[in-house]
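Read the structure below first, then the notes.
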Amino acid sequence: MSELHTPHAGDDHAKDDDVVALLMRQHGDIRNLFDEVEATEGEERRDAFRRLVRLLAVHETAEEEVVHPFARKGFPGGDQVVKDRLTEEKAAKETLSALDGMDTDDPAFMPELLKLRKDVQEHARAEERYEFTHIRRSTDAAGLAAMAKAIKAAEAMAPTRPHPGVESGAKNMALGPVAALMDRTKDAVHKAMGKG
Ligand SMILES: [Fe+2]
Ligand SMILES: [Fe+2]
C-alpha cells in the first residue's frame with residue numbers, strides 16, 4: 001500500500017490537497033531519479049538525467065514561489081529558516097547548471113552528480129524538518145490546498161517517467177534550457193495562484 005507513489009497522473013486522491021505531502025512525494029521522485037541515473041548508462045542515463053534536471057528545476061522554482069514566501073511570514077523564525085534553505089538551493093542550482101551542459105558519459109559526470117545528490121538530499125531533509133512541519137502546523141486546509149494547486153501546475157512541466165521512442169529525444173530538446181523552464185514554471189505557478 002503506497003498512496004504516496006500513485007503512478008497515475010490523473011488520480012485525484014486526498015493527498016493532492018496537501019502541499020506538504022506533494023512536495024515530500026517530489027522529494028521521493030527526485031531520489032528515485034538519482035537512483036535511475038546512477039543505475040543506467042548511455043541513452044537511458046541521458047533520458048533519466050534530463051528528467052531529473054527538469055524535476056529539480058521545477059521543484060525548487062515552485063518552492064521558491066509558493067512555500068518559501070509563505071514560510072517567511074507563516075511561523076516564528078520562518079525568515080531565517082527560508083534564508084538557510086535559499087542558500088542551499090543556490091548551491092544546488094550552481095552544481096545543476098554545471099552538470100546541465102555535461103555529457104552523461106563524461107568521466108567527470110558521476111563525481112559531480114554525487115555531489116549534487118548529497119547537496120539535494122541534505123537540503124530536502126532540512127526543508128522537511130525545519131520548514132514543512134511548521135507549514136503544516138500553521139496552515140488551514142484551504143491554505144494547504146491553494147498551495148498544492150500551484151505545485152501541481154508546476155509539476156505538469158516535469159514528467160518523471162521515461163519517454164519511450166525516438167521522438168521523445170526531440171521533444172526533450174525542444175523544451176530548452178533550465179533557465180527557460182524555471183521561467184515557465186514561475187508563470188504557471190503565478191497563474192494557478194491567481195496572480196496572472
Ligand atoms: Fe528546496
Ligand atoms: Fe524541496
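For ligands, and for the atoms within them, numbers begin at 1 and follow the listed sequence. Each residue takes its place number in the sequence, starting with 1.
- Put simply, E127 gets within reach of the Fe ion (ligand 2), with an N, O or S atom under 2.8 Å from it.
- Vertex the Fe ion (ligand 1), arms ending at OE1 of E60 and OE2 of E89: the angle is 80° after rounding to 10 degrees.
- A salt bridge is defined here as a Lys NZ or Arg NE, NH1 or NH2 lying under 4.0 Å from an Asp or Glu carboxylate O, and D119 with K115 meets this definition.
- Nearest N, O or S atom of E63 to the Fe ion (ligand 2): atom OE2.
- Residue E41 qualifies as open at atom CD: its count of foreign heavy atoms under 6.0 Å is 12 or below.
- Coordination check, H123 versus the Fe ion (ligand 2): failed, since every N/O/S atom of the residue sits at 2.8 Å or beyond.
- Atom CG in L144 sits 5.0 Å away from atom CG in D18 (nearest 0.5 Å).
- Computed with the Fe ion (ligand 2) at the centre, the H27 NE2 to H59 NE2 angle is 90°, stated to 10 degrees.
- To the nearest 0.5 angstrom, T185 atom OG1 is 8.0 Å from M182 atom CE.
- Salt-bridge formation is not detected for the pair K93/E89: no Lys NZ or Arg NE/NH1/NH2 atom is positioned less than 4.0 Å from an Asp or Glu carboxylate oxygen.
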